[in-house]
Amino acid sequence: MDTQKEALQRIIATLANKNDEIQNFIDTLNHRLKGVQANSAKVLSELDEEFDSLYSLLDEMKESMTNSIKQEQAHKMQALQNQLTQCTNALENSEELLEFASRTMDIKEPEEFTKAARQIKDRVTMAAAFRLSLKPKTSDNMTHLMVDFSQERQMIQTLKFLPVPKAPEIDLTDCIVADNCVSVAWRMPDEDNKIDHYVMEYRKTHYDGLPRVKDERCWEQIDHIKATEYTLSGLKFDSKYMNFRVRACNKAVAGEYSDPVTLETKALTFAFDSMSSHLNLKVEDSYIEWDPTGGKSQENKVKGKENKGRSGTPSPKRTSVTARPAMMRGSRDRFTGESYTVLGDTTIESGQHYWEVKAQKDCKSYSVGISYKSIGKFDQLGKTNTSWCLHVNNWLQAAFAAKHNNKAKALEMPVPDRIGIYCDFDGGQLSFYNANTKQLLYSFKSKFTQPIVPGFMVWCGGITLYTGLQVPSAVKTLQKSENGMGGSSNSLTSVAQ
């Protein structure tokens with residue numbers, strides 16, 4: 001019976017996923033029905049405008065072409081309506097079957113349960129939901145019925161609807177996602193020397209597969225593309241996927257959109273965790289700044305309460321009662337003392353990730369790196385065996401060093417304007433790069449035994465955080481050939497517990 005329950009649960013999950021697909025397709029059909037109506041009204045209006053200037057000569061021609069449009073509209077609406085009815089009926093039957101299957105899970109008697117499960121399996125096999133085509137039988141585009149009579153007035157007897165370019169075909173094998181750029185390539189199914197340019201549309205999404213009509217962002221458009229490829233650069237990958245579609249345009253009209261494609265654009269995106277930050281730090285999502293007045297009044301109140309009524313010799317008994325055990329960073333105690341630190345709001349437990357920081361030009365001191373979540377609220381980055389960082393000091397005596405476990409390795413190179421941080425959790429590597437030139441600054445090697453979080457310290461200045469970045473190709477290449485930095489990097493290598 002347990003095996004049958006597991007099988008039934010899989011059936012239920014499959015039905016639920018199919019219902020979601022059908023519902024999305026119904027939304028698409030409804031959207032296209034509205035599009036057919038709206039676009040039909042649009043071309044009919046334009047048709048009327050053209051015919052008004054030629055009415056004395058074009059009465060019969062207007063009637064013929066109007067009928068063509070209405071017939072096309074009726075044909076499309078009938079086809080879509082039939083398909084919509086089929087899908088609605090299939091969805092109702094599938095929902096009924098899903099409800100029956102859910103009730104069956106509550107049956108306690110084995111024979112009755114086995115009989116019901118067999119019936120469900122047979123009905124699923126014959127269910128119409130799995131035989132439906134989830135591609136609309138027609139589109140809502142009516143541009144092939146648009147007209148422009150500015151030149152055709154002299155050829156009144158040979159009027160035709162404008163030629164419409166065919167839909168391009170996006171070639172997935174030639175589409176490239178790298179370095180926060182997306183290159184999309186396409187081709188025409190047949191040669192068409194009348195194409196003037198292409199229009200590419202894109203949008204970010206968190207859904208794989210076919211684009212959804214509801215709860216999605218608006219399409220953004222790149223117009224007047226002359227080639228059959230285009231590269232979007234400088235993107236922030238803050239969504240898992242991106243949808244793309246292309247249409248061809250001649251001098252008069254745009255054609256059908258290509259079938260949309262979905263490309264994966266996954267990257268680590270996080271912000272500063274204000275709940276962990278030192279009171280002397282002003283925290284925004286992607287910017288922190290040191291504030292010498294932050295939290296002073298609150299600290300004074302706390303100190304006053306602590307000192308009130310306290311004798312010169314503390315009571316051992318009182319001390320043992322009030323002593324607090326060390327708190328895990330997951331409790332989100334704020335950093336305090338001279339640890340002007342804030343953590344990222346996302347933990348890293350696997351994979352390769354990359355982010356960048358840029359400090360203010362007059363920032364006196366800052367550190368960037370990673371730590372375990374268990375770092376103490378008085379701890380400073382790089383001064384424990386559970387944190388690793390690059391430290392920059394521009395106050396009194398300039399210093400640029402890699403720090404870990406209270407050991408520092410001075411770096412004999414200029415401090416870059418922008419620092420890239422590469423973390424390979426599974427490979428146990430943390431590397432820092434000049435974000436502009438991709439020059440390797442330093443690499444730590446360690447076996448990470450706990451989830452890690454990005455860490456940041458700043459004093460007398462501010463730093464800006466950049467996330468949603470893929471691991472740059474140059475960094476990937478360097479990582480393949482880089483085997484550490486010899487003795488200099490090995491001196492700070494460790495296995496943190």
Salt bridge check, Glu201 against Arg245: does any charged N sit closer than 4.0 Å to a carboxylate O?
yes
State whether a side-chain donor-acceptor pair under 3.5 Å links Asp208 with Thr262.
no
Polar side chain donor-acceptor pair, Gln429 to Ser431, under 3.5 angstrom
yes
Does any donor atom in the side chain of Glu72 or His144 lie under 3.5 Å from an acceptor atom in the other side chain?
yes
Does Arg10 offer a backbone N or O that forms a donor-acceptor pair with the side chain of Thr14 under 3.5 Å?
yes
Please determine whether side-chain contact (heavy atoms from CB on, under 4.5 Å) holds for the pair Tyr422 and Phe432, giving the CA-CA distance in whole Å, both sets of side-chain angles, and the decisive distance to 0.1 Å.
CA-CA 6 Å; Tyr422 166 81; Phe432 298 90; over 6 Å; no
Between Glu256 and Ser139, a side-chain donor and acceptor under 3.5 Å
yes
Residue from Tyr340, Phe456, Phe335 passing ring pair (Phe, Tyr, Trp, His ring centres under 6.0 Å) with His278:
Tyr340
Could you check whether Asn19 and Ser94, counting side-chain N and O atoms only, form a donor-acceptor pair closer than 3.5 Å?
yes
Side chain to side chain donor-acceptor pair (under 3.5 Å) between Ser371 and Ser387, worked out:
CA-CA 4 Å; Ser371 76; Ser387 63; over 6 Å; no
Distance-only donor-acceptor check, side chains Asp426 and Ser350, under 3.5 Å
no
For Asp417, is there an ion pair with Lys361 - N to carboxylate O distance below 4.0 angstrom?
no
Chi angles and distances behind the side-chain contact (heavy atoms from CB on, under 4.5 Å) call for Phe244, Met200
CA-CA 7 Å; Phe244 293 88; Met200 184 179 78; 4.2 Å; yes
For residues Ile222 and Tyr202, determine if any side-chain heavy atom of one lies less than 4.5 Å from a side-chain heavy atom of the other.
yes
side-chain contact (heavy atoms from CB on, under 4.5 Å), that's the test. Do Gln360 and Ile463 meet it? Break it down for me.
CA-CA 6 Å; Gln360 289 179 345; Ile463 56 177; over 6 Å; no
Answer yes when Arg187 and Asp171 have at least one side-chain N-carboxylate O distance shorter than 4.0 Å, and no when they do not.
yes
Answer yes if the side chains of Gln450 and Glu349 hold a donor-acceptor pair under 3.5 Å, and no otherwise.
no
Within 6.0 angstrom of Gln221 CD, more than 12 heavy atoms from elsewhere
yes
Value for CZ (Arg118) from OG1 (Thr104), rounded to nearest 0.5 Å, stands at 12.5 Å
Distance to the ring centre below 6.0 angstrom and angle to the axis at most 45 degrees; does that hold for Arg247 and Tyr198?
no
Can you list the steps and then say if Asp192 with Lys166 is a side-chain contact (heavy atoms from CB on, under 4.5 Å)?
CA-CA 9 Å; Asp192 188 346; Lys166 293 184 178 180; over 6 Å; no
What about the rings of Trp388 and Tyr372, do their centers lie closer together than 6.0 Å?
yes
